[in-house]
Every structure is written in structure tokens, then in C-alpha cells.
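When a ligand or atom number is given, it counts from 1 through the structure's own listing order. We're numbering straight along the sequence, starting at 1.
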Amino acid sequence: MATFSLLPGSVALITLTNPPVNALSAAVRAGIVQAVQRSVEDPKVKSVVICGQNGRFCGGADIREFAGPMSGPPLVPLIHAIEALDKPVVAAIEGLALGGGLELALGCHYRIAHTTALLGLPEVTLGLLPAAGGTQRLPRLAGLPAALDLITTGRHISGTEALELGIVDQVTDGSALDIALEFAKSIVGRPLNTRRLSTLPCRCPTDIDNLLDRFMVQVRQRARGALAPVACVGALRAAATLPYAQGLRKERELMDTLFNSGQARALQYAFFSQRVVGKWTLPSGARWDNTTSRTISTAAVIGLGTMGRGIAVALALAGMSVVAVETQEKQLSEARQMVPAMLQREAGRRGLDTAPGVISFCSSLQDVSEVELVIEAVFEDMALKLQLFRQLSAVCKPDTLLCSNTSGLDIDQLAAATQRPGLVVGMHFFAPAHIMKLLEVVCGTRSSPETVATVMQLGKRMGKVSVAVGNCPGFVGNRMLKPYTEQANFLLEEGAMPEQVDKVLEEFGFPMGVFRMSDLSGLDVGWRIRKAAGLTGPGVEPTRTRQGRRYSPLPDQMCEAGRLGQKTGRGWYQYDGPGGRVARSDPWVQTFLDAYRARHNLAARVIAAEEILERCLYSLINEGFKILQDGMAAGPEDIDAIYVFGYGWPRHRGGPMFHAGQVGLARVLEKLEHYQQLHPDVAPMKPSMLLRRLVAAGSPPIQKWRELIHRERVHSQL
Ligand SMILES: CCC/C=C/C(=O)SCCNC(=O)CCNC(=O)[C@H](O)C(C)(C)COP(=O)([O-])OP(=O)([O-])OC[C@H]1O[C@@H](n2cnc3c(N)ncnc32)[C@H](O)[C@@H]1OP(=O)([O-])[O-]
């Protein structure tokens with residue numbers, strides 16, 4: 001709701017009241033309409049201030065309401081009514097003014113903000129555009145270039161930057177509300193014509209078409225198939241070229257198209273999944289809200305390779321005092337050089353003069369004896385990690401948490417090597433660790449709830465989306481990636497080329513297809529993992545069946561031919577030289593594949609894009625259902641957040657499990673059955689029991705899956 005109070009000095013104060021972010025729900029909008037009406041009718045009111053309760057102006061439209069039919073007064077006429085008032089209206093912006101919240105403020109005649117308040121029009125991140133006049137008023141106030149930037153990226157800016165862009169009239173380090181109240185008294189009687197943004201011309205440079213065309217090209221490139229950024233440019237073109245009323249109609253038209261697109265639903269789902277994963281639960285019943293966490297202020301990182309360096313920087317940026325340990329002299333001296341520069345650069349990127357934490361370097365494990373938490377980031381080798389965990393268990397204080405940055409090794413085995421298995425947990429970071437948002441927190445069978453809570457909290461402090469997952473080979477993300485890459489290799493055997501597979505996946509929205517990605521990370525990485533699993537290496541028969549399953553030795557043979565990807569200048573593609581970035585198709589690969597197929601009596605066939613996409617995605621999705629079935633992820637949102645934040649899954653497609661729901665679970669099942677019949681030797685194509693049960697239950701919406709999984713588990717049907 002919104003409250004009205006008449007304050008001394010004849011100022012009416014309208015307070016938006018809808019915790020936690022004062023979103024513009026139907027009740028809030030109705031409250032504002034009433035309060036504005038009172039302000040119009042009450043002759044004692046000479047000016048008006050609008051603010052939000054608890055120091056937060058407004059977080060925008062209530063996103064939860066988007067799922068149902070629209071009710072309550074619409075926002076556009078409400079904002080027009082405010083703008084049309086003949087008494088001055090001042091927005092007092094504290095905390096945040098986002099989306100509809102900023103649009104409401106743009107309807108006011110003046111805006112006063114706290115320097116640290118967050119302002120922005122983030123609708124694009126929800127698959128929408130600012131359709132309460134935002135696309136029409138902002139370029140009239142801040143100019144077309146600034147509006148294009150803010151609306152197509154959805155980025156938040158501070159009150160200080162908003163002042164520089166002319167979006168607010170004044171900022172303060174004190175109370176924006178107090179200043180606004182005083183200001184409102186001082187401007188009674190001033191003419192308001194120049195303060196009504198909808199009546200002003202758009203502030204445009206002379207070469208509007210050129211600017212918009214250039215911007216559109218950039219936006220399309222960045223959007224990777226997302227509709228909203230492109231529609232935002234369309235609405236801003238209307239602002240620049242049409243009168244306000246017509247521009248507003250165009251804004252509405254574009255919004256309607258977006259609103260009904262599956263993308264908006266996917267992005268709104270992604271918004272809520274990001275928040276759902278913070279509310280973790282463990283099979284034991286321990287949860288985010290019944291477990292206390294410890295606050296960590298000192299940590300150590302062992303091993304200063306690429307991952308360890310990034311982790312040390314991420315910890316220091318979160319304010320921690322970090323001991324960085326590396327036993328190899330050369331690696332240590334490189335890290336001493338590079339890490340402080342990385343830290344400074346990243347602090348600067350985040351708008352900080354210096355990082356809030358510090359990093360000290362040393363070469364002895366003895367130096368970590370006093371820290372509260374250790375993250376081991378040595379080479380992915382079980383024997384090495386086991387030895388290290390034994391040493392750490394002996395060296396560290398008895399209550400120090402011991403974490404392993406592993407991408408798939410057994411946490412229980414590591415825990416068993418220590419005297420404190422309850423304090424052992426996996427922290428699977430993604431490279432570069434100080435930038436990538438995802439953190440898989442791997443809960444071993446003996447990890448204590450307090451340990452999990454502490455590490456989840458630490459992840460949050462590092463600005464990560466932390467997702468609690470179970471301890472199984474590859475955990476969630478890499479476990480699902482395995483059948484996906486496996487399918488891509490099988491498609492090459494059957495007749496596809498790497499660039500053809502990649503093109504299909506990139507058109508779906510991945511930043512890189514599977515083979516470009518493999519070239520980037522290095523073909524030797526997967527080779528080493530397969531070798532450790534006994535799937536390849538000297539002494540292993542070069543057949544297409546290994547450990548009882550269909551197996552493609554293609555990537556092994558590439559690797560053994562020295563084609564490791566970008567680092568050697570040759571992989572699935574060719575590059576200008578070692579370290580080259582621009583991938584070009586390589587006739588060598590065509591010859592290599594032809595020879596391979598001839599050797600194995602495989603007839604190459606033309607493979608349609610649809611088959612490529614379905615086989616890659618549905619095998620990955622099927623593994624996701626198996627993960628849910630095994631209880632290795634608490635719900636589909638966890639899997640989807642992992643894929644969106646760690647594996648480049650296009651956000652506007654929600655995540656793999658959401659995508660399965662969009663395609664239709666029955667269709668995914670039917671396709672898996674179809675491909676399984678054609679390739680009975682490919683185990684990951686066998687539809688999971690959970691998928692079958694969901695289809696049998698009438699394909700409930702994704703929000704109901706947890707319930708069904710829980711019910712079926714109780715009845716031991718999964
Ligand atoms: C014609 C219409 C045109 C206008 C369109 C729009 O305005 S589109 C909107 C444009 N606006 C945006 O895109 C802003 C979206 N919001 C944000 O970016 C962030 O929430 C934040 C920066 C406002 C606060 O960050 P923070 O880390 O301090 O807190 P937190 O993130 O953990 O959230 C706390 C709780 O509030 C919930 N909730 C939050 N916002 C909304 C909402 N608008 N609605 C409903 N709920 C919302 C959130 O789910 C969570 O609920 P839970 O899990 O406790 O049940």
C-alpha cells in the first residue's frame with residue numbers, strides 16, 4: 001500500500017509501503033492513486049514528496065504479479081497523473097529506484113537521491129522494457145546515448161552517476177527524504193512546465209539514424225537471440241523520432257510482444273531461481289533458515305595456479321585476510337607479481353580504490369595454521385589432494401574448515417583423510433574464479449550443516465551465486481556436461497563437422513559451441529580426466545566401446561596428435577598461432593574425420609540442425625532429471641542456476657530444466673525414446689525415471705517438481 005500524511009509546511013508525504021523493496025503491487029498502485037487524489041483535492045497541500053518505507057524508494061513492478069492476470073490501477077496513467085499535478089512533486093530516492101520505481105520518479109517534477117542509491121531500468125534483464133513511459137522519458141532527460149546504454153543493459157547506477165547524467169537534480173550523503181521535504185517547501189509556486197518530461201523534446205545527437213543503427217548492430221551481437229534488448233532499441237528509436245504519445249504507443253506495442261514471449265517468462269524464472277538457490281536444503285533436513293553459519297575473516301589458498309590466484313583475489317575482494325601458499329618457487333614468484341595487479345584491477349572494475357582484504361604469500365603449509373578456512377586448489381589429482389588434506393588436518397586449528405576446489409573428485413574420500421570430516425566441503429569455482437559468478441558448494445555425506453552454511457555464506461560475500469549440490473562424479477554441472485559433449489563427438493563420427501555442431505549450439509544462444517569451448521579450455525584437460533578414469537591412455541584398446549558403453553576416441557586422438565586447442569594453435573579449428581583466438585575451420589580435421597570414419601566403417605550422413613540440438617540438449621537435460629532423482633540437486637532451479645551462471649546457458653532460455661518444461665516434457669521424453677531406439681548403446685539417452693513420472697503426472701509446471709520428487713521419494717518410487 002501507500003500512506004498519505006500531511007506534514008508541517010503543507011507538504012504531503014506519500015510513502016510506498018511493501019517490504020522488502022516496496023514493489024509496485026496492485027495494492028501499492030491503488031494506494032498511490034488515492035494519495036495523489038488527496039493531494040490534488042486538499043487545498044492545504046502545496047507540494048508533494050514521494051518516498052519508500054525503510055530507506056528503499058522502490059524496486060519496480062511486482063515481478064510476482066507478471067505470472068497472473070493484471071489487476072489494480074495501471075502504472076502509466078498513474079505516472080501521468082503525477083506529472084500533470086499542478087503542485088510540485090519531488091521523489092526522495094533512498095536505497096533503490098529500479099524499473100517502474102525509476103519510471104515513477106521520472107514522472108515526478110524533481111528527483112533528489114542519496115549518493116549511494118541504486119538507480120536503473122533493469123526490465124531488459126527480465127525480458128521486458130520500461131513500459132511505464134521509461135523509454136520515452138529517460139532520453140528526454142538524460143539524452144539518447146545514455147538512455148540507450150542504461151535501458152539496453154539494465155545496469156544499475158549510483159546516485160552520484162545519476163547526477164552526472166542529469167537523471168537526478170541533487171544528491172546527498174545525508175537523508176534524501178529530509179532534503180526533499182525542505183526542497184518541496186521551497187519550490188511552491190514555481191512553474192512546472194519545463195519539469196514535465198513527457199512534454200520536452202528528446203535530447204538527441206544530430207546523426208540519430210547512424211547512432212541507432214550502430215547501436216542495434218552491437219545489441220544484436222551481444223543479445224545472442226534475446227528479444228528484449230532489440231525491442232528496447234526499437235522503443236528508443238520511437239522516442240527519438242516520434243511525438244511522445246506515439247512513442248508511448250510503440251513502447252506498449254513492443255512490451256506486449258515481449259510480455260507474451262517465452263523469453264520474458266524464462267528470464268523472470270531465472271531471477272527467482274537465483275534467489276531460490278540461496279534458500280538451500282540438505283537431505284538431512286538442515287536448511288538455510290535453521291542453521292547458523294560462522295563468519296570467516298581469515299582464509300588460505302593452497303596452490304597458486306590459475307584457479308588458486310583467482311580464488312585468492314575473490315577472497316580478498318570479499319574483505320578477507322588471505323594467506324596464499326605455493327610450494328613451487330617459480331609459480332610463487334609469478335603469483336607474487338600477478339596477483340596484486342589482478343586484485344587492483346578487479347577492485348577498480350568494482351569501483352573500489354583498494355581491495356578491502358589483503359593477500360600475503362608464502363611457501364610453507366605451516367603458515368596456514370591459524371586461518372579459519374583453507375581452500376585447496378592444487379592440481380586435479382586425487383593422490384595429491386589426499387596427501388594435502390592429511391597434512392592440513394595435522395597443521396590447522398581443530399575448527400578450521402577444509403575446502404577443496406575440485407571439479408569432480410570425491411569429497412567424502414578427502415574428508416575421510418582428515419580428523420574432521422564434518423568440516424570438509426567442496427568449493428567448485430569456475431575460471432576465472434574472481435569473475436565467474438557460479439560456485440558449486442559440494443556437500444559430502446559427513447559435511448556438517450554449519451560447514452555448508454558457512455561456505456554458502458562465504459560464497460555470497462564473494463558475490464557468487466552459490467548452489468549446494470551433492471557429492472557425485474562431476475557434481476551437477478560437469479556431470480550433465482559429459483553426455484552433452486559425448487553426443488557432440490558421436491555426431492562427428494556420424495557425419496557432422498565441428499563448426500556445424502557449434503553453429504547450432506551458438507544459434508541456440510551458447511556463447512561458444514562445444515568444440516570451440518574445448519579448444520579454449522584445452523583438449524588435454526578432458527584427456528587427463530578420461531585417463532584417470534581408465535578410459536584412455538597407453539594400454540587401453542582403441543575401440544569405440546569402453547567400459548561397456550559406446551565411446552568416441554576422437555578427442556583422445558586429436559589430443560595425442562598434439563592438437564590441444566588454442567594453446568597449440570590447432571585443435572578442432574585452426575588459429576593464427578599458439579594462443580590465437582580466432583577459430584577457422586581446418587581442412588586437416590575434415591581429412592582426419594574421413595580417415596577415422598573409413599577405419600571404423602562409419603558412413604557419413606547429412607545431419608539436420610534439429611537432430612544436433614536435440615541430441616546434445618536432451619541428453620544433458622536427461623542427466624539433469626537423473627540428478628534430481630538421485631537427490632544431488634534440491635530442485636530444478638539449482639540446476640538451472642548452475643547452467644546459467646557457470647556454463648553459458650542462455651539466460652533468456654531459463655536453464656536446461658526450464659527449457660525442458662517449455663519444450664514440453666512429453667516431447668522431450670518422446671525424443672529421448674526415439675534417439676535411444678536409434679542408438680541403444682548410448683546409456684545417457686535412456687529416459688530417466690523422474691522424467692517418465694513427471695510426464696505420467698501430467699507434466700506439472702516446474703515450480704511443482706520439488707513437491708512431486710519429495711512425494712515420490714517418500715513412496716520410494718524414485
Ligand atoms: C509496465 C511495467 C513496467 C515496469 C516493469 C518493472 O518494474 S520490472 C521490475 C524491475 N525491477 C527489478 O528488476 C528489480 C529486481 N530486484 C533486484 O534487482 C533486487 O531484488 C534488489 C536490487 C531490488 C534488492 O536486492 P537484495 O539483494 O537486497 O534482495 P533480494 O534480491 O534477495 O530481494 C529480496 C526479496 O525481494 C524480492 N523482490 C525484489 N525485487 C522484486 C520485485 N521487483 N518484485 C517482486 N519481488 C521482488 C526478491 O524476490 C526477494 O524475495 P524473497 O526471496 O525474499 O522471497
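Looking at Ser293 and Glu450, their side chains never bring a donor and an acceptor atom within 3.5 Å of each other. There is no side-chain donor-acceptor pair under 3.5 Å between Thr454 and Thr451. Counting only N and O atoms by type, the side chains of Thr135 and Glu251 include a donor and acceptor under 3.5 Å apart.
Using the six-membered ring where Trp is involved, Tyr643 and Trp649 have ring planes that are perpendicular, over 60° apart on the 30 and 60° scheme. Ring geometry for Phe430 against His428 counts as tilted: the plane angle lies between 30° and 60°, on a 0 to 90° scale.
Between atom 2 (C) of ligand 1 and the options Glu123, Arg64, Met255, Gln268, the minimum heavy-atom separation is to Met255. Checking Phe271, Phe259, Phe272 against atom 17 (C) of ligand 1, the nearest heavy atom belongs to Phe271. Nearest to atom 12 (C) of ligand 1 by heavy-atom distance, out of Gly133, Pro122, Gly127, Gly99, is Pro122.
Taking every non-hydrogen atom of Pro20 and a distance limit under 4.0 Å, the qualifying atoms of ligand 1 come out as 34 (C), 35 (C), 36 (O). Of all atoms in ligand 1, numbered sequentially from 1 with element shown, those under 4.0 Å from a heavy atom of Leu126 are 8 (S), 9 (C), 13 (O). Residue-ligand proximity, Gly100 to ligand 1, at heavy-atom distances under 4.0 Å covers atoms 4 (C), 6 (C), 7 (O). In summary, the atoms of ligand 1 found under 4.0 Å from a heavy atom of Glu103, numbered by their order in the structure, are 3 (C), 4 (C). Every atom of ligand 1 is numbered from 1 in the order shown, and the set under 4.0 Å from a heavy atom of Gly60 is 7 (O). Applying the 4.0 Å criterion to heavy atoms of Ala61 picks out, from ligand 1, the atoms 4 (C), 5 (C), 6 (C), 7 (O), 9 (C), 42 (C), 43 (N), 44 (N).
For Phe508 and His659, the distance between ring centers is under 6.0 angstrom.
Annotation: atom 23 (C) of ligand 1 to nearest protein heavy atom, Leu96 CD2, 3.7 Å. Looking at atom 26 (P) of ligand 1, its nearest protein heavy atom turns out to be Arg56 NH2, 4.2 Å. With hydrogens left out, the protein atom closest to atom 20 (O) of ligand 1 is Arg275 NH2, 3.8 Å, a heavy atom. With hydrogens left out, the protein atom closest to atom 52 (P) of ligand 1 is Lys279 NZ, 3.3 Å, a heavy atom. The closest protein non-hydrogen atom to atom 11 (N) of ligand 1 is Gly59 O, 2.9 Å. Scanning the protein heavy atoms around atom 47 (C) of ligand 1, the nearest turns out to be Val21 CG2, 4.1 Å. Of the protein's non-hydrogen atoms, the one nearest atom 45 (C) of ligand 1 is Asp62 OD1, 3.2 Å. Scanning all protein heavy atoms for the shortest distance to atom 44 (N) of ligand 1 gives Ile63 N, 2.9 Å.
The shortest heavy-atom distance from Gln274 to ligand 1 is not under 4.0 Å. Residue contacts with ligand 1 do not include Leu128, since none of its heavy atoms lies under 4.0 Å from the ligand. Taking a 4.0 Å cut-off on heavy atoms, Glu65 fails to register as neighbouring ligand 1.
Taking 4.0 Å as the cut-off between side-chain N and carboxylate O, Arg195 and Asp169 count as a salt-bridged pair. Salt bridge status for Lys279 with Glu637: absent, with no side-chain N to carboxylate O gap under 4.0 Å.
Among Val171, Val49, Ile179, Asp178, the one residue that satisfies the side chain to side chain contact (heavy atoms under 4.5 Å, CB included) test with Ile112 is Ile179. Of the residues His109, Arg137, Arg196, the one that meets the side-chain hydrogen bond (donor to acceptor under 3.5 Å, both in side chains) test with Glu83 is Arg137.
Side chain of Asp640 to backbone of Met657: a donor-acceptor contact under 3.5 angstrom is found.
For the ring-ring contact (aromatic ring centres under 6.0 Å, His included) condition, the pairs that include at least one residue of residues 64-107, sequence neighbours left out, are Phe66-Phe259, His80-Tyr244.
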